[in-house]
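Keep in mind that the numbers below use all heavy atoms, side chains included, and drop hydrogens, waters and symmetry copies. Whatever order the structure lists ligands and atoms in, that order sets their numbers, starting from 1. Here the structure is a predicted model, which means the values were calculated and not measured.
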Amino acid sequence: EARPAIPVFTQKKIVTRRGPHPKQDRSARTRQLVLAAAAELFARQGFRRTSIQAVADRVRMTKGAVYFHYPSKEALAVAVVEEHYARWPRLLEEVSAEGFGPMDTVVHLLARAARAFRDDSVVQAGARLQIERPQIDAELPTPYVDWTDLLTSLLTSAHEAGELRREVTPEAAARSLVAAFFGAQHISDVLHGRTDVVERWAEVGGLLYHAIRA
Ligand SMILES: CCC[C@@H]1OCC(CO)=C1C(=O)O
């Protein structure tokens, strides 16, 4: 079916608050704690070697209490990957608020994303679970497509603003940036546990920007 005009992960979910609900809030906080603990374990040791018991132990809860929030390890993995992708619209909002033009918005957005890959265990876990997709019997979000759509829309604005070389198509530039970023963060992860991912991305991204900028 036709892809939505706005990339899925930039569509805001409107949350209507009807006032304090202590019981619901406590449950939401517990869900977040369980998700963060699962992300730390998934990021470090992967899906197969992580057990619900280990997640429960990490948050000092019973296995049953964890199952109340997430009915299976697969459901927990889906939630972590979804939370990984939920990071990017928030990052886009922050960068967009700084008032850069479209090309500089791309540069700053991806530089901030590289820092998230270095520092944020939910982002790291989401990336690892996407690699391990074949081992996970669940409907994980399709990888790469939302970043490609978002960068295509930003780079289309950049092209219209004369910030992109005329012969460069926004779609091709977006696919190239996604491929380069994926590769840079993956190699940094395998070789150095992502300790140098910000520098590696600055290097690769810098060369690509040099090739596409007007
Ligand atoms: C921005 C590059 C793409 C990004 O890098 C790691 C990863 C995890 O699968 C990604 C994704 O699915 O969008």
Trainee: Quick one: do Arg175 and Glu171 make a salt bridge, cutoff under 4.0 Å?
Mentor: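 Salt bridge flag = no for Glu171 with Arg175.
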Trainee: Any salt bridge between Glu93 and Arg90, counting N to O under 4.0 Å?
Mentor: no
Trainee: Can you list the atoms of ligand 1 that are under 4.0 Å from a heavy atom of Phe117?
Mentor: 5 (O), 6 (C)
Trainee: Is the contact between Trp147 and ligand 1 made by the side chain, the backbone, both, or neither, using heavy atoms and a 4.0 Å cut-off?
Mentor: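 Answer for Trp147: side chain.
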Trainee: Using a 4.0 Å heavy-atom cut-off, say whether His186 meets ligand 1 through its side chain, its backbone, both or neither.
Mentor: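 For His186, there is no contact with ligand 1 at all, from either part.
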Trainee: Give the minimum heavy-atom separation between Ala138 and Glu74, together with the two atoms involved.
Mentor: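 Looking at all heavy atoms of both residues, the shortest contact is CB-CB, 3.9 Å.
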Trainee: For ligand 1, which atoms sit closer than 4.0 Å to a heavy atom of Gln185?
Mentor: 6 (C)
Trainee: Please list, in number order, the atoms of ligand 1 under 4.0 Å from a heavy atom of Phe182.
Mentor: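 Counting atoms of ligand 1 from 1, those under 4.0 Å from Phe182 are 2 (C), 5 (O), 6 (C).
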Trainee: With heavy atoms of Tyr85 as the reference, note each atom of ligand 1 found under 4.0 Å away.
Mentor: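 Under 4.0 Å from Tyr85, ligand 1 has these atoms: 9 (O), 11 (C), 12 (O), 13 (O).
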Trainee: Classify the side-chain pair Arg194/Gln124 by whether it contains a donor and acceptor separated by less than 3.5 Å.
Mentor: no
Trainee: Among His84, Gln130, Arg128, whose heavy atom sits nearest atom 9 (O) of ligand 1?
Mentor: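 Residue with the shortest heavy-atom distance to the ligand atom: Gln130.
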Trainee: May I ask you to check if Arg31 and Tyr70 form a cation-pi contact, with NZ or CZ under 6.0 angstrom from the six-membered ring centre and within 45° of the axis?
Mentor: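 Judged by the rule (NZ or CZ under 6.0 Å from the ring centre, within 45° of its axis), Arg31 counts as positioned above Tyr70.
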Trainee: Look at the rings of His186 and Phe182 and say which category their plane angle falls in: under 30° parallel, 30 to 60° tilted, over 60° perpendicular.
Mentor: parallel
Trainee: Can you tell me how the ring of Phe117 sits relative to the ring of Trp88, calling it parallel under 30°, perpendicular over 60° and tilted otherwise?
Mentor: parallel
Trainee: With heavy-atom distances below 4.0 Å as the criterion, list the atoms of ligand 1 near Val178.
Mentor: 2 (C), 3 (C)
Trainee: Within ligand 1, which atoms have a heavy atom of Pro143 less than 4.0 Å away?
Mentor: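 Numbered from 1, ligand 1 contributes 9 (O), 12 (O).
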